[in-house]
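It should be emphasised that the depicted structure is a prediction, and the values quoted were computed from it without experimental measurement. FYI, side chains are in, hydrogens and waters are out, and symmetry mates aren't considered; it's all heavy atoms of this structure.
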Amino acid sequence: MISRLVRLQNDYHTMQTLRGSLIRWQTGDHRWPPERYVVEFDLVGMIGPQASQKGHTVVIKLLAEYPDKPPLARFVSRPVLFHPHVFKNGNVCIGQYSPEEGLAAFCLRLAKYIQFRPELIDPRSPANREALDWFKLNRDAVPVDHSSLPDLAETKLFHAKLPSSKF
């Protein structure tokens, strides 16, 4: 098991591979390694049953128990992302989490939430029932954004794959 400090450093370096035209981020504190990130996604996401918007911002906090406990994530852009795993106040329901999931992989999971990728939706645990009901009636309308996301497979730094859906 690697130490938390090494994990945070590796997460920071792996996050570098995400920087580009679709994903931008900055640290939200002056600690090294950082424990707070502000991530901007230049992706189209739903903001209501009949509306979408390009551009969403998430604040991610890594608690003292991280990586044993998942990061806290909150959409701070308004209107809030309309998604079955995002509460109406912007808090993200993390769902399945493994300590092996690196921060960059977690950010890619959030990007896929924005895109409304159906393979990441757990119908048994909705944070937003209205969004889940919309999804059930509109499966052919998702994903709402088809942008190619960065591939972490090429990085040699610590990372893990996204948890796979079993649904």
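The minimum heavy-atom distance linking R7 with L103 is given by the pair NH2-N, 4.4 Å. Minimum heavy-atom separation, C107 to I60: SG-CD1, 3.6 Å. Across every non-hydrogen atom of F116 and P84, the tightest pair is CZ-CD, 3.5 Å. Closest of all the heavy-atom pairs between L62 and L8 is CD1-CD2, 3.5 Å. Contact between A127 and F87 at its shortest, heavy atoms only, is O-CD2, 3.5 Å. Of all heavy-atom pairs between R74 and R78, the closest is NH2-NH2, 4.0 Å.
A donor-acceptor pair is defined here as one N or O able to donate and one able to accept, closer than 3.5 Å; no such pair exists between the side chain of D145 and the backbone of Q115. Looking only at distances, a side-chain donor or acceptor of T17 sits under 3.5 Å from a matching main-chain atom of T14. Side-chain N or O atoms of Y97 include one that pairs as donor or acceptor with a backbone N or O of P67 at under 3.5 Å. Of the possible donor and acceptor atoms, none in the side chain of S77 sits under 3.5 Å from a partner among the backbone N and O of H56. Judged purely by atom type and a 3.5 angstrom limit, N138 has no side-chain atom pairing as donor or acceptor with the backbone of A141. A donor-acceptor pair is defined here as one N or O able to donate and one able to accept, closer than 3.5 Å; no such pair exists between the side chain of R36 and the backbone of V59. In terms of modelled atom types and a separation under 3.5 Å, the side chain of E40 and the main chain of D42 share no donor-acceptor contact.
Scored by the ring-ring contact (aromatic ring centres under 6.0 Å, His included) test, Y113 finds H83, H85 as partners (sequence neighbours excluded). Taking the salt bridge (charged side-chain N to carboxylate O under 4.0 Å, His left out) definition, one finds that R31 meets it with E35, sequence neighbours left out. By the salt bridge (charged side-chain N to carboxylate O under 4.0 Å, His left out) test, R19 pairs with no residue at all, sequence neighbours left out.
Ring geometry for Y12 versus W25: interplanar angle over 60°, hence perpendicular rather than tilted (30 to 60°).
Atom OH in Y37 sits 7.5 Å away from atom OG1 in T27 (nearest 0.5 Å). Here the CD1-CZ distance, from I23 to F41, works out to 5.5 Å after rounding to the nearest 0.5 Å. The CG atom of D133 lies 9.0 Å from the CG atom of N128; values are rounded to the nearest 0.5 Å. Within the model, atoms CG of L152 and CE of M15 stand 9.5 Å from one another, a figure rounded to the nearest 0.5 Å. Between the CZ atom of F82 and the CD atom of Q53 there is a distance of 14.0 Å, given to the nearest 0.5 Å. A distance of 6.0 Å separates CG of L81 from CD1 of I114, quoted to the nearest 0.5 Å.
Residues V39 and L110 fail the side-chain proximity criterion, which asks for heavy atoms closer than 4.5 Å. Looking only at side-chain heavy atoms (C-beta outward), M46 and F135 stay at 4.5 Å or farther from each other. Q96 places none of its side-chain heavy atoms less than 4.5 Å from the side chain of E101.
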(request) Walk me through it: do E130 and K88 pass the test salt bridge (Lys or Arg N to Asp or Glu O under 4.0 Å)? (result) CA-CA 10 Å; E130 180 185 5; K88 292 183 180 185; 3.7 Å; yes
(request) Apply the test side-chain contact (heavy atoms from CB on, under 4.5 Å) to residues K112 and L120: give CA-CA distance (whole Å), side-chain angles for both, the deciding distance (0.1 Å), then the verdict. (result) CA-CA 8 Å; K112 291 177 180 183; L120 293 182; 3.4 Å; yes
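Annotation for H146: atom NE2 counts as buried by contact number, over 12 foreign heavy atoms lying within 6.0 Å.
A single hydrophobic cluster is not seen to contain both V38 and L43; linkage of ILVMFWY side chains at heavy-atom distances under 4.5 Å, directly or through other members, places them apart. By the rule that hydrophobic residues join a cluster once side-chain heavy atoms approach within less than 4.5 Å of another member, L22 and V44 end up as members of separate clusters. Under the 4.5 Å side-chain heavy-atom criterion for ILVMFWY residues, no single connected hydrophobic cluster contains both V58 and I47.
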